[in-house]
There are 2 protein chains.
Amino acid sequence: MEHRSQMGGNAFLLAQIGAHAAAAFRERVATLDLTPAQAGLLRMLAADPGLSQQAYARRLGTPPSRFVTMVDTLEERGLVERRRGEPDRRSYALHLTEAGTQLFRRVGAVGRAHEDDLCAALDDDERKALHEMLSRIAAQQMLTPGVHPGYRG
Amino acid sequence: MEHRSQMGGNAFLLAQIGAHAAAAFRERVATLDLTPAQAGLLRMLAADPGLSQQAYARRLGTPPSRFVTMVDTLEERGLVERRRGEPDRRSYALHLTEAGTQLFRRVGAVGRAHEDDLCAALDDDERKALHEMLSRIAAQQMLTPGVHPGYRG
DNA sequence: TATTGTTATACTCTATAACTATA
DNA sequence: TATAGTTATAGAGTATAACAATA
């Protein structure tokens, strides 16, 4: 009967540190005038461009109505481009503009700094060991790589 | 230049697993008709009873107006009792009732099941190693033990 | 006049559902 | 009639600020 199991268990620490990590990342990308959700969309567009809005919305788990306003904002800022679908003219294919590609590179730099700061208490071997354990937990808990609901806003 | 650093880094995994852990705990305590915030308050009252509402609200980081409605709900359910402050009759001292104490024990059982399920992919030594690393990260990032903003609702 | 607790109001965020245009 | 995208509306959750009682 360990008293600490209530408050200092791994589950609680993971939730606490996870919330902290998400909040810290939010502040960092805010310096680029982006929300975490917008940064995530830029990443998807960089990795897998040209799909329809609904395809991206499904991946992110956001309803279409919300996705539209996200794209609106990024399009107004000249980061994302809507191109009419070729055979099916109801849909739009989304692409990063040159400015969007450049901003995405800066998001990458922000992400690396974030990672490094969060793991400052661990040396290289420990970071690898942590990564291995977290990956196993994520796999066992059936979490999809690349998407987490903390990416909101 | 590791490609994976963007998506599968420790920071991202921690945020993803943390959000998952918080959501899973929310579902579990919902079986006791509690939100995570209410469960956290029961725990505070069990550990440190008799303080004023403002004292607890400050600890939880919630504004007083929100705290009042939380206490209202728990008081209506007979889990928490408000006693007029002794010298200063503006304040109320909060205490768990007998029913509140009993329900809090069930929260503890739920928490242990939650911990065990989340760590199912790790053996005992690994759980200890994980706990040690997470504790060091939390300390280095200056996180207060016992409070995380994911405890909302 | 300051402080504890309370109530009222306004604001943000999100999802549901109605709408339009193409098919 | 069905589907991609859009717009309008309503709901939940939250915080800010006004209020009442006691000090």
Side-chain angles (χ1 to χ4, degrees), chain A residues 19 22-23 26-27 29-30 33-41 44-45 48-76 80-95 147-153, chain B residues 19 22-23 25-27 29-30 33-41 44-45 49-76 80-95 147-153:
Chain A
R26 174 178 299 275
E27 284 183 24
V29 293
D33 272 305
L34 290 174
T35 64
Q38 290 171 331
L41 178 54
M44 288 191 97
L45 291 177
D48 214 346
L51 303 183
S52 72
Q53 297 190 185
Q54 289 208 354
Y56 294 115
R58 265 193 299 273
R59 283 197 196 187
L60 290 172
T62 71
S65 64
R66 198 181 152 209
F67 189 79
V68 166
T69 65
M70 267 183 69
V71 176
D72 284 348
T73 309
L74 297 177
E75 192 184 33
E76 281 162 21
V80 163
E81 190 189 344
R82 279 190 243 236
R83 301 187 196 153
R84 271 286 176 200
E86 255 324 294
D88 186 343
R89 296 194 1 188
R90 288 173 303 185
S91 67
Y92 287 105
L94 298 188
H95 294 268
V147 178
H148 74 78
Y151 259 10
R152 293 261 158 103
Chain B
F25 184 70
R26 172 178 301 274
E27 284 183 25
V29 292
D33 272 304
L34 290 174
T35 64
Q38 291 171 330
L41 177 55
M44 288 191 97
L45 291 177
L51 304 183
S52 72
Q53 297 191 182
Q54 288 207 356
Y56 294 115
R58 265 193 299 273
R59 284 196 196 187
L60 290 172
T62 72
S65 64
R66 200 183 151 205
F67 190 79
V68 166
T69 64
M70 267 182 69
V71 176
D72 284 347
T73 308
L74 296 176
E75 193 184 34
E76 282 162 22
V80 164
E81 190 189 346
R82 281 189 243 236
R83 301 187 195 151
R84 271 285 176 201
E86 256 322 294
D88 185 343
R89 295 194 0 187
R90 287 174 302 185
S91 66
Y92 287 105
L94 298 188
H95 295 267
V147 178
H148 74 78
Y151 260 13
R152 294 261 158 102

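Reminder, nothing fancy here: chain letters follow the sequence lines and each chain counts from 1.
Inspection of the A:Y92 and A:R84 side chains reveals an N or O donor paired with an N or O acceptor under 3.5 Å.
Taking atom CZ of residue B:R58 and atom C1' of nucleotide C:dT4, one finds them 10 Å apart after rounding to whole Å. Taking atom CZ of B:R82 as the reference point, atom P of C:dG5 lies 9 Å away to the nearest angstrom. For the pair A:Q53 CD and D:dT7 P, the interatomic distance rounds to 11 Å; values are reported in whole Å. Per the geometry, CZ belonging to A:R66 stands 12 Å off C1' belonging to C:dT12, to the nearest Å. Put simply, CZ on B:F67 is 14 Å from P on C:dT4, counting in whole angstrom units. In this structure, B:M70 atom CE and C:dG5 atom C1' are separated by 16 Å, rounded to whole Å. The distance from atom CZ of B:R83 to atom C1' of C:dT4 is 19 Å, rounded to the nearest whole Å.
Residue contacts for A:Q54: at a heavy-atom cut-off of 4.0 Å it reaches a base atom on one of the strands shown. Within 4.0 Å of A:Y92, counting heavy atoms only, lie sugar-phosphate atoms of the nucleic acid but no base atom.
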Q: Summarise how protein sits on nucleotides 17-23 of chain D as a single string, 5' to 3': B when a protein heavy atom is under 4.0 Å from the base, S for sugar-phosphate-only contact, - for no contact.
A: B----BS
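Of the candidate nucleotides C:dG5, D:dA15, D:dG5, C:dG5 has the atom nearest to the side chain of B:S91.
A:M44 contributes atom CE, which lies 8.0 Å from atom CG of A:L51 (distance to the nearest 0.5 angstrom). Distance check, rounded to the nearest 0.5 Å: OG1 of B:T35 to CG of B:L41 gives 9.0 Å. Separating the CE atom in A:M70 from the CD atom in A:Q53 is a distance of 10.5 Å, to the nearest 0.5 Å.
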Q) Hey, mind stepping through B:L94 and B:R82 against side chain to side chain contact (heavy atoms under 4.5 Å, CB included) and telling me if it holds? A) CA-CA 5 Å; B:L94 298 188; B:R82 281 189 243 236; 3.6 Å; yes
Q) What's the verdict on side chain to side chain contact (heavy atoms under 4.5 Å, CB included) for B:V80 and B:T73, showing C-alpha distance, side-chain angles and the deciding distance? A) CA-CA 9 Å; B:V80 164; B:T73 308; over 6 Å; no
